[in-house]
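To find a chain, count down the sequence lines: A is the first, B the second, and so on, and within it residues start at 1.
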Amino acid sequence: MYHCFSGEGNTEIILETLLTYSALENSPIEQEDFPVEFSACSGEDALENDHCGTDDSNDQDYKDTFSEKDKKLLTLVEMGFSVEEAAAAIDRCGLDAQVLELADSIHAAQMAEEPDETGLNPRFMTSDEFGHCSERKRRRVVTEQRKLKRSCLPRRRRDYVRKCPVDVDDAPMAIPKPMIGFGLPFEKCTTRRILPDSAIGPPYFYYENVALAPKGVWDTISRFLYDIEPEFVDSKYFCASARKRAYIHNLPIDNRFPLLPIPPKTIQEALPMTKKWWPKWDKRTQLNCLQTCIASAKLTERIRKALEGCDDLPPPQVQEYVLGECRKWNLVWVGHHKVAPLEPDELEMLLGFPSNHTRGGGISRTERYRSLGNSFQVNTVAFHLSVLKKMFPNGINLLSLFSGIGGAEVALHRLGIPLKTVVSVEKSKINRNIMRSWWEQTNQKGNLIDLDDVQQLSGDKLEKLMKLYGGFDLVVGGSPCNNLTGSNRYTRDGLEGQHSSLFYDYFRILDLVKCIMARNS
DNA sequence: CTGATAATGATTGAATAG
DNA sequence: CTATTCAATCATTATCAG
């Protein structure tokens with residue numbers, strides 16, 4: 001998958017790339033009984049090919065050298081269509097057609113060709129569906145006709161359909177309820193799971209993103225990350241605010257332990273000063289997800305006006321309005337008829353960071369909210385990472401992608417796992433400063449190497465780092481959720497969105513590390 | 001230029017009603 | 001069973017003041 005393009009894109013190289021993609025995409029169809037392996041590097045012959053670790057280019061780089069048509073071709077092939085299908089669609093719709101338009105066109109063509117068969121490309125299927133079809137899924141077939149109209153996803157190939165006649169368009173990746181992952185602290189939990197061979201470390205890895213992403217996103221992410229089922233966890237079981245996230249990792253899941261002290265899980269305990277002002281008719285005991293923006297002063301003023309003159313029990317209409325806004329904006333009671341958004345230090349506390357973690361050093365209040373809203377919930381992540389403590393008593397080397405304000409680092413530190421070398425990749429200068437500041441404040445003895453851009457982190461660079469400091473024991477990262485989260489009204493474009501597509505760099509880098517680790521073992 | 005402020009719905013799944 | 005309602009959601013953009 002990692003080709004080196006020296007010059008500008010010529011047709012042959014593009015075609016070769018497309019065919020390589022195509023071959024990779026289609027391979028699981030031929031070997032139905034095996035877990036999907038999209039990594040070009042982790043096969044038996046990966047080391048002979050010498051593609052890993054010696055190549056500076058990445059997907060984004062060489063995509064930029066392509067023409068518009070080639071980019072669209074490549075995108076369509078990445079979506080799971082064949083080169084022929086993609087080319088034909090571009091011919092039909094013209095060069096100006098959007099990718100989704102083209103995908104729909106292919107979809108329509110496939111419908112015409114095989115009118116009775118439904119399904120999607122295997123890349124968009126859950127591993128569940130490779131084995132068996134659940135009773136739930138059968139029920140969905142009834143409603144699929146209606147949904148197919150909106151579908152812009154590629155369809156499964158003919159030879160595969162018969163084995164698994166299930167439409168993936170309709171919520172293939174069900175989120176378990178309650179959203180507790182493999183178990184919570186002090187409770188019984190699943191202690192064992194089977195990981196595909198290709199998923200097993202070294203290195204250990206830990207990937208995070210929003211649970212409530214658009215349909216199909218987690219299927220794709222899971223498919224790339226070695227077919228591991230996501231662990232869906234809501235941080236409301238770890239602190240006083242909700243945070244619905246999914247984590248894909250290859251860590252053991254038995255003998256986890258939580259950080260101490262255990263944080264309070266109700267608003268009233270976490271923010272005691274709000275208790276005396278909290279009205280009886282506001283039944284909230286926990287906060288919703290902490291986000292990057294807070295309510296305007298105008299809004300809290302409107303709420304105060306709405307409550308003005310009311311006694312202890314406002315009219316139902318007013319209650320409904322106030323409660324709705326309080327839930328939407330995570331407002332808390334700080335006075336009589338007075339609500340307010342959370343302060344930055346309260347966010348820090350709720351997310352499990354030391355207070356003032358993001359304070360000072362030239363960071364503005366607005367940026368503080370942004371950085372905190374984008375961060376891990378430390379107690380949740382630490383619970384998952386706690387299994388590493390016994391395994392690495394002398395500390396770990398960490399590769400941290402999209403580090404943000406260092407949620408993973410703080411979690412490991414609070415677990416008492418020494419940080420030997422941390423290579424941290426983070427776009428935001430502000431966040432890098434916060435991380436560096438924390439590194440110094442906590443008297444870390446290891447090395448902190450901070451880099452700017454994941455896209456610039458080549459196999460070559462990785463290899464040099466690993467030669468210098470030893471391999472990585474853990475690769476963590478939560479790639480951008482901008483284009484996935486429901487909060488985004490403007491550019492919720494899914495995994496192929498401008499920022500969220502950096503997930504593919506997480507995979508690229510993880511796979512490179514895997515290759516280099518395998519070769520050096 | 002930075003920083004603060006305020007306004008801006010849609011996509012989901014779950015719950016409920018019919 | 002379908003149809004409707006409810007509820008949550010790691011944000012973007014425009015604007016203004018300094």
Side-chain angles (χ1 to χ4, degrees), chain A residues 136 139-143 145-147 150 152 169-179 207-218 232-236 239 241-247 283-284 286-302 320 323-330 341-342 344 347-348 350-353 358 362-378 380-381 402-405 407-408 426-431 477-494 497-500 502-503:
Chain A
R136 258 195 85 250
R139 188 159 46 79
R140 289 195 223 107
V141 177
V142 182
T143 59
Q145 293 290 357
R146 178 174 50 86
K147 306 232 171 181
R150 292 186 297 112
C152 59
D169 196 8
D170 193 3
M173 186 79 70
I175 298 180
K177 257 196 73 177
M179 208 189 283
Y207 175 80
E208 176 264 7
N209 215 320
V210 291
L212 280 54
K215 287 180 183 174
V217 165
W218 276 106
F232 290 95
V233 184
D234 190 338
S235 290
K236 73 178 183 181
C239 68
S241 69
R243 208 167 186 80
K244 296 174 179 61
R245 297 292 180 270
Y247 307 86
K283 303 294 186 192
R284 289 178 301 155
Q286 290 194 300
L287 294 159
N288 279 334
C289 186
L290 309 179
Q291 303 194 138
T292 58
C293 293
I294 60 170
S296 65
K298 297 272 191 199
L299 177 65
T300 54
E301 169 66 4
R302 282 198 291 271
E320 205 176 329
L323 280 177
E325 296 299 326
C326 284
R327 274 196 279 261
K328 190 185 327 186
W329 291 102
N330 256 337
L342 296 167
L347 294 192
E348 286 168 344
L350 289 163
L351 290 170
F353 288 91
T358 59
I363 185 172
S364 74
R365 183 182 165 85
T366 313
E367 281 299 335
R368 245 180 122 182
Y369 277 115
R370 174 173 298 271
S371 291
L372 284 162
N374 281 315
S375 174
F376 286 168
Q377 205 289 324
V378 170
T380 311
V381 171
F402 315 102
S403 308
I405 58 175
E426 170 56 42
K427 252 296 195 202
S428 158
K429 174 76 174 170
I430 285 167
N431 286 345
S479 62
C481 70
N482 300 21
N483 309 115
L484 306 180
T485 176
S487 311
N488 190 337
R489 284 124 156 107
Y490 299 94
T491 53
R492 195 183 187 188
D493 304 326
Q498 188 182 3
H499 301 103
S500 293
L502 287 173
F503 157 73

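- Map Arg492(A) and Arg302(A) each onto its nearest nucleotide of DNA chain B; the residue landing nearer the 5' end is Arg302(A).
- Between the side chain of Asn483(A) and the main chain of Asp493(A), no donor-acceptor pair closer than 3.5 Å is present.
- Contact annotation: Lys244(A) does not reach the phosphate of dA8(C) (side-chain N/O to OP1 or OP2, under 4.0 Å).
- Ala242(A) comes within contact range of the sugar-phosphate backbone alone, with a heavy-atom separation under 4.0 Å but no base atom that close.
- OP1 or OP2 of dA4(B) lies within a sub-4.0 Å distance of a side-chain N or O belonging to Ser364(A).
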Give the C-alpha distance, both sets of side-chain angles, the deciding distance and a yes or no for side chain to side chain contact (heavy atoms under 4.5 Å, CB included) between Lys236(A) and Met179(A).
-> CA-CA 9 Å; Lys236(A) 73 178 183 181; Met179(A) 208 189 283; over 6 Å; no
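- Glu208(A) comes within 4.0 angstrom of a base, heavy atoms only.
- Between the side chains of Asn488(A) and Thr485(A), not a single donor N or O lies within less than 3.5 Å of an accepting N or O.
- As rounded to the nearest Å, dA7(C) and dG9(B) have C1' atoms that lie 14 Å from one another.
- Within the 4.0 Å cut-off from OP1 or OP2 of dC6(C), not a single side-chain nitrogen or oxygen of Lys328(A) is found.
- Remark: DNA chain C forms stems of 3 or more consecutive Watson-Crick or G-U wobble pairs, all pair distances under 3.5 Å, at B:1-8 with C:11-18, B:10-18 with C:1-9.
- Between atom NE2 of residue His499(A) and atom OG1 of residue Thr491(A) there is a gap of 7.5 Å, rounded to the nearest 0.5 Å.
- Arg327(A) comes within contact range of the sugar-phosphate backbone alone, with a heavy-atom separation under 4.0 Å but no base atom that close.
- As judged by a 4.0 angstrom heavy-atom cut-off over every strand, Arg368(A) is placed among residues making no nucleic acid contact.
- With contacts defined as side-chain heavy-atom distances shorter than 4.5 Å, the pair Thr300(A)/Pro341(A) qualifies.
- Protein atom CD1 of Ile294(A) is 17 Å distant from nucleotide atom C1' of dT9(C), rounded to whole Å.
- As rounded to whole Å, 13 Å separates atom C1' of dT11(B) from atom CG of Asp493(A).
- Looking at heavy atoms from C-beta onward, Ile294(A) lies out of side-chain contact with Leu342(A) at the 4.5 angstrom threshold.
- Going from atom CZ of Phe353(A) over to atom P of dC10(C) covers 16 Å, rounded to whole Å.
- Here dC10(C) presents its C1' atom at 12 Å from CG of Asn431(A), a figure rounded to the nearest Å.
- For Arg365(A), whose side chain is taken as the heavy atoms from C-beta onward, the closest listed nucleotide among dA6(B), dT9(C), dA4(B) is dA4(B).
- Protein atom NZ of Lys283(A) is 20 Å distant from nucleotide atom P of dC6(C), rounded to whole Å.
- dT12(B) atom P lies 12 Å from atom CD1 of Ile175(A), rounded to whole Å.
- Gln291(A) places no side-chain N or O within donor-acceptor distance of the main-chain N or O of Trp329(A), the cut-off being under 3.5 Å.
- Phe353(A) contributes atom CZ, which lies 3.5 Å from atom CD1 of Ile405(A) (distance to the nearest 0.5 angstrom).
- Each of Leu212(A) and Glu320(A) has a nearest nucleotide on DNA chain C; the 5'-most of these lies closest to Glu320(A).
- Residue Arg284(A) places no side-chain N or O under 4.0 Å from the OP1 or OP2 atom of dA7(C).
- Between Glu325(A) atom CD and dT9(C) atom P there is a gap of 15 Å when expressed in whole angstrom units.
- When side chains are defined from C-beta on, Cys293(A) does not count as touching Tyr369(A), because their heavy atoms never get closer than 4.5 Å.
- In this structure, Arg243(A) CZ and Asp234(A) CG are separated by 10.5 Å, a value rounded to the nearest 0.5 Å.
- Backbone-only engagement by Ala297(A) is indicated by non-hydrogen atom pairs under 4.0 Å involving sugar-phosphate atoms exclusively.
- Ser479(A) comes within 4.0 angstrom of a nucleotide base, judged by non-hydrogen atoms across all strands.
- We find that CD of Glu301(A) is positioned 14 Å from C1' of dA6(B), with the value rounded to whole Å.
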List the steps and the verdict of side chain to side chain contact (heavy atoms under 4.5 Å, CB included) for Leu502(A) and Phe402(A).
-> CA-CA 10 Å; Leu502(A) 287 173; Phe402(A) 315 102; 3.9 Å; yes
In B/S/- notation, 5' to 3', how is nucleotides 11-18 of chain C contacted by protein heavy atoms closer than 4.0 Å?
-> BB------
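- Taking every side-chain heavy atom of Lys298(A) into account, dA6(B) is the closest of dT9(C), dT12(B), dA6(B).
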